[in-house]
Structures are given as structure tokens and as C-alpha cells.
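Each chain gets a letter, A, B and so on, in the order the sequences are listed, and its residues count up from 1. Note that the structure is a prediction, hence the values are computed from the model and not measured.
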There are 2 protein chains.
Amino acid sequence: MLKELADFKVGVDNVIFSVDGQLNRLFVLLVKRPKDPYQAYWSLPGTLVRKGESLETAAYRILSEKIRVSNLYLEQLYTFGGPARDPRESSDSYAVRYLSVSYFALLRYEDAKLIDNHSGLTTWYNLEKIPELAFDHREILNYGYRRLRNKLEYSPIAFEVLPEVFTLNDLYQLYCTILGENFSDYSNFRSRLLKFGFLADTGTKIYKGIGRPATLYRFDSQAFAPLKDRPLVFI
Amino acid sequence: MLKELADFKVGVDNVIFSVDGQLNRLFVLLVKRPKDPYQAYWSLPGTLVRKGESLETAAYRILSEKIRVSNLYLEQLYTFGGPARDPRESSDSYAVRYLSVSYFALLRYEDAKLIDNHSGLTTWYNLEKIPELAFDHREILNYGYRRLRNKLEYSPIAFEVLPEVFTLNDLYQLYCTILGENFSDYSNFRSRLLKFGFLADTGTKIYKGIGRPATLYRFDSQAFAPLKDRPLVFI
DNA sequence: ACAAAAGTGTTACCGTTACACCCATGC
DNA sequence: GCATGGGTGTAACGGTAACACTTTTGT
């Protein structure tokens, strides 16, 4: 029996979530495949890794080809690498294998501008209404969605997604949209977050028409440092 | 500028932890590299993925080449794939790239038998006394150790590592060894675990010499099912 | 009887939950 | 004045932490 090593091309597939805090919608970015395999199917935006390019660089490259955005969070998700996950691998198992390293990203819908959305080949899909996807992308998406919710509860990723200054309501809306309404009472969420001490009052207030003006806060990474690695819960 | 795709060989590196509940020791399995690069350095046991082989299969293959053990937990950790992480990649960046998909495994020291430990090229190293490692393996190890502690707190992985029936003390020792003494009072740990309701009293008791005999429990996956995906905490 | 190991119980404390309530603004 | 959105306060509840205590065994 031969023990030959497999040869791989490595792809990076991104699960890019965008949160619309205003209208409480959670989207994922899908692209329509222009060619076989899975021609005309929707899929996660992906690319193959080039010579001299790191995995993360490749992930950022796809993202920046599709979206212009200032604040985002991105991390590696999982690596899917079974043989025959890509039909391009011929069944005699002597062809090149395609391995997919997936990443997940989070950004705000209102801050993101789609590049080339005239063609309609790149679209935000509501998470509730995902069509059938190419390859094992549905599985990757599910995995990413689970990770997103976990990360939000236990890590300060929200502050990498929000702009420099933000209101506690902006933050709350972000959480609501992802974790679902009533994940926590607003007033309790508020006091918990403020008690941590890493949200600095900027002194300025923002007036958005009717109603009391909201205080603008800034994430103070100095003050957050000691809490790093400890089990935070933003419930 | 050329946009040529990189060609990869894919390696799997395992961070294999073993817990010695009796003597409160936590080990990681290291192997001495027989050849360049990093000849004679200690490293995580790894292998390159063969044709027709899945990543997970490769991970189990290395493991079973080194250890005979009945119960273990294994999961994918992270994929390290920057260019030049392996010196075999020549600097002109036109050579084959080496990507490492890492896995972490947990098993019990007392249940594991090392295969071929005469040569001394495969050894359990105490986590406190890790030597300099080859490649980026120190980084992988640190990552694995963090994951191990998290998993133990939030997932029922302990029950995949313990034998079919076990005492609450076996379980407690496992937790103590990994999370550190005083991670929780024994009596509190005990009542929390029993309250969950997924530990079934087998009715039998085990007599280990002096002292009151211990009740043997079995993990009841039926009873655990409804708790799945919910945020458990075994603190 | 005593030491060792297993198992039970109790209490003070602290954080969460679910509200009700007060404040500042535009119309 | 009143609707609207922002912000504060509080009291009941439930779980945790720390520790003392009881039970069952071997010698």
C-alpha cells in the first residue's frame, strides 16, 4: 500500500456577518458562483491562497474586494479538509485536494459599503432566509453563527465593530440583534457594562432629535487589560 | 505581478494532554525530531496528510502510532499557515508551503500505554517543564492549553476521557489537575454536578482499601441531551 | 478506637432579575 | 404638557463559597 502525501490547494472562505442595529437585522454576505462546480449557486465569499500570502491576509483580501468598511472583527473559524469535499477532487484520490480554512467576520451594516453591487452577484442575505449553498458552506455558516454568539457573550468583540465613540444603546442594539430580543433587560445590561469600568465617558453627548441626548462612550483598552483572559460575561 | 496559487503539503500536529489524577500531574506528549529541520529538538507529534486521508483520520493515526488508550477526547484546534513557518519553504516563496492543522487530545495517564518508549524519543513532559520546541510548536501548545481549560469548564469532555464508570473523586481529581487545586471546593463541585442530573448512580460501590467506599457513577447521555448547547458551567 | 476517604448540610454573601421610577429633550 | 428616548434605583430571589459535620470503611 502506498503512503503518498496528498497535494493541496488551500482556500479561505469567509462567513461575514453584518449587524443592522437600527432595524434589528442580521445578515451574511453571499456571492453567486460564476462557474462550475456549483455554478449559479450562492456561496460564501472565498479565494485560493496565493504564493507568499498568509491565510489571514487572504481572508482580508476577499473581504476588501467585496466591502469597504472601517471597523471589523475577524478570526479563524475552522478548517474543513475531508477528501471529496470539493467535486474538483477526482474520485481516484490522486488529484489535488481542496482544503478550506474558514474565517468569520463581524461588522456593522450601516458602516459597510458593498463594492460592485450592481450586478447583484454579491448580496447581504438575512440569516433567516439563506438559500441552498454550494459545497459544505451551509455547515460552515452554522458553525460561524454559533461562534459569533459565543464570542459576543464572552469577548469584547463588539468594541472592535463599533466606531470609536458610541452610545450604550448602540451597544445594546448590537447585542439584541445577534442574541435575540430579551437576551437581557436594557437597564441591567447597562449597569453591568458600566460596572466593569472599561467604558470611558467621553463627556460629549449626542442629540438625535426627540428624547434625552445619549452619552458617548469610548472603549478603554487600558482599563480592560486586567480583565483580559478572565471569564467575562456580558450576558 | 503574478497571482499564482500556492501549493501546499498539509501537516497535522497534535497537542496530546494526559492527566494523572493520582499524583496531580498534567503531561503533554513530545517526540524528538530524528532529522532536519530542527533535528534533535522536541516537537509535537505530527504527520503529513496522505492521499485519501481526512485531517481527523491523520490526527488519530499519529495518536495511535504513539499511544494505546481506550478513552480519549480529540478536537481540532487551529490552523497555522503563514508562509515561512517551516524552513523547508525556501525564501523565494515559490516552493511548496507547509500548513499545520493542529488538534488537541485529552486522555488519562493511567490508562495510556506508550508504544515504543524504549528509545526515549517519545515522552510525557510535565507542562511546567517544557523544553524549547521545534517550529511554532510552543505557540500551538499554549493555544491548546488554553482551549483545554476552557473546554473542561464549559463542556462535558471529562466524561469521554474517564472510563464507563467512575467515582466523583476521579472526576474531581481530573478537574483539579487541569484547572489547579482549589478551583472549587469538593463538596460544592459534588453537589453542582449531581444536581445537573446526568450522572447516574450505578448502584455499585468501589472499595479501595481504607476509607468509606465510593459510589460508581455513569454519564447518562440521555439525561444530558436537553442541556446540550446550553451554557453549562462546571466551575 | 482511630484515621482515612466519602458524602451531607448550613449559612452568609453576592449577583442577577424584574420591575418601577426619574431626567432631558423636541414638538 | 406630553411623548420619546436616556438613565437610575431597589427589593426579592437564587445560586455560590466556605466550612463544619456525619457516615462508612480498614487496621
Contact class for R192(B) (heavy atom, under 4.0 Å): base, sugar-phosphate, or nothing?
sugar-phosphate

Using a 4.0 Å heavy-atom cut-off, does S187(A) contact any base of the nucleic acid, only the sugar-phosphate backbone, or nothing at all?
base

Round to the nearest Å and state the distance from [X] atom [atom1] to [N] atom [atom2].
X       : N       : atom1 : atom2 : answer
I210(A) : dA3(D)  : CD1   : C1'   : 6 Å
N169(B) : dA6(C)  : CG    : P     : 4 Å
Y186(B) : dC21(D) : OH    : P     : 20 Å
F189(A) : dG15(C) : CZ    : P     : 19 Å
Y172(A) : dG7(D)  : OH    : P     : 14 Å
I206(B) : dT24(D) : CD1   : P     : 19 Å

Quick check on DNA chain C: between D185(A) and G211(A), whose nearest nucleotide comes earlier from the 5' end?
D185(A)

Close aromatic pair by centroid cut-off 6.0 Å: F104(B) and Y78(B):
no

Please find out if less than 6.0 Å separates the ring center of F198(A) from that of F159(A).
yes

Looking only at side-chain N and O atoms, does N142(A) offer a donor or acceptor that is under 3.5 Å from a partner on R146(A)?
no

